[in-house]
Participant: 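Handing you this structure, nothing more for now.
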Amino acid sequence: QVQLAESGGGLVQAGGSLRLSCVASGRTFSTYTMAWFRRAPGKEREFVARISWGAGIAGMTYYANSVKGRFTISRDNAKNTAYLQMNSLVPDDTAVYYCAMGPLSTQMDYWGKGTLVTVSS
């Protein structure tokens, strides 16, 4: 059974940084696309970033416009872990952040329970 466990959330002031981690178990992590999504209070879940794995596109990253230039997604296949480095945080980044994993960028089969990030002004 696949399990994803996020960590690293917390309270930070605007302009600060946090690094989220997502540890995967139960599958061959290196052959899956990893992604981060978030759900802000009262809003729909939205895509944040993803990192691919496939031949020729391994490690390719893609970001939502709202986080481009501030957030960086990465992965360590040896540790079955994906990361989301978040810099220059703003209050609008406040949300529960979810890690997801799937065989395709358009197919996320597995989800974590989320970690809360709160950015104070």
Participant: For I73 versus A35, what's the shortest heavy-atom pair and its separation?
Facilitator: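 What the structure gives for the nearest pair is CD1-CA, 4.3 Å.
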Participant: Any pair with a residue in residues 82-121 that passes ring pair (Phe, Tyr, Trp, His ring centres under 6.0 Å), sequence neighbours left out, goes on the list, sorted by first then second residue, please.
Facilitator: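 Non-adjacent pairs meeting ring pair (Phe, Tyr, Trp, His ring centres under 6.0 Å): F37-W111.
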Participant: For the side chain of T115 and the backbone of G9, is there at least one donor-acceptor N/O pair under 3.5 Å apart?
Facilitator: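 Yes, T115 side chain to G9 backbone: donor-acceptor pair under 3.5 Å.
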Participant: Scan for salt bridge (Lys or Arg N to Asp or Glu O under 4.0 Å) pairs involving residues 60-86, sequence neighbours excluded, and state none if there are none.
Facilitator: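 Qualifying pairs: R70-D93.
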Participant: Determine whether V96 and V12 fall in the same hydrophobic cluster, where Ile, Leu, Val, Met, Phe, Trp and Tyr are linked whenever their side-chain heavy atoms lie under 4.5 Å apart.
Facilitator: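 In one cluster with V96: V12, no.
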Participant: Could you tell me whether a side-chain N or O of E6 sits under 3.5 Å from a main-chain N or O of G114, the two making a donor and an acceptor?
Facilitator: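 Checked: pair present.
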Participant: Tell me the closest heavy-atom pair linking I51 and S74, and the distance in Å.
Facilitator: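 Nearest pair, atom of I51 first, then S74: CD1-CA, 4.0 Å.
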Participant: Begin with the C-alpha distance, continue with both residues' side-chain angles, and end with the deciding distance and a verdict on side-chain contact (heavy atoms from CB on, under 4.5 Å) for Y63 and T72.
Facilitator: CA-CA 8 Å; Y63 298 92; T72 302; 3.8 Å; yes
Participant: List the atom pairs, donor and acceptor, that lie under 3.5 Å between side-chain atoms in residues 100-108 and the rest of the protein, sequence neighbours left out.
Facilitator:
residue, atom, partner, partner atom, Å
Q107, NE2, D109, OD1, 3.1
Q107, NE2, D109, OD2, 3.3

Participant: Tell me whether L116 shares a hydrophobic cluster with V48, the cluster being built from Ile, Leu, Val, Met, Phe, Trp, Tyr side chains joined at under 4.5 Å.
Facilitator: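 No, L116 and V48 fall in different hydrophobic clusters.
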Participant: Measuring only between side-chain heavy atoms, which start at C-beta, is F71 closer than 4.5 Å to L89?
Facilitator: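 With C-beta onward as the side chain, the pair touches.
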Participant: Working to the nearest 0.5 Å, report the span between CH2 of W53 and OG1 of T31.
Facilitator: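 Here the rounded value is 5.5 Å.
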Participant: To the closest 0.5 Å, what do you measure between OG (S7) and CG (L20)?
Facilitator: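 The OG atom of S7 sits 7.5 Å away from the CG atom of L20.
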Participant: Check whether any side-chain heavy atom of S17 lies under 4.5 Å from a side-chain heavy atom of M86, and answer yes or no.
Facilitator: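 A side-chain contact under 4.5 Å is absent here.
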Participant: Mind checking whether V23 and V117 sit in one hydrophobic cluster, side chains of I, L, V, M, F, W, Y counted as touching below 4.5 Å?
Facilitator: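 No, V23 and V117 fall in different hydrophobic clusters.
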Participant: Would you say R38 and V67 make side-chain contact, with heavy atoms under 4.5 Å?
Facilitator: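 Yes. Closest side-chain heavy atoms under 4.5 Å.
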Participant: For E46 and R39, run salt bridge (Lys or Arg N to Asp or Glu O under 4.0 Å): C-alpha distance rounded to whole Å, both residues' side-chain angles, the deciding distance at 0.1 Å, then the answer.
Facilitator: CA-CA 6 Å; E46 65 174 358; R39 186 193 302 271; over 6 Å; no
Participant: So do the side chains of M34 and C99 get within less than 4.5 Å of each other, counting heavy atoms only?
Facilitator: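 Yes - at least one pair of side-chain heavy atoms lies under 4.5 Å apart.
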Participant: Show the nearest heavy-atom pair for residues P91 and A14, with the distance to one decimal.
Facilitator: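 Here P91 and A14 meet closest at CD-CB, 4.2 Å.
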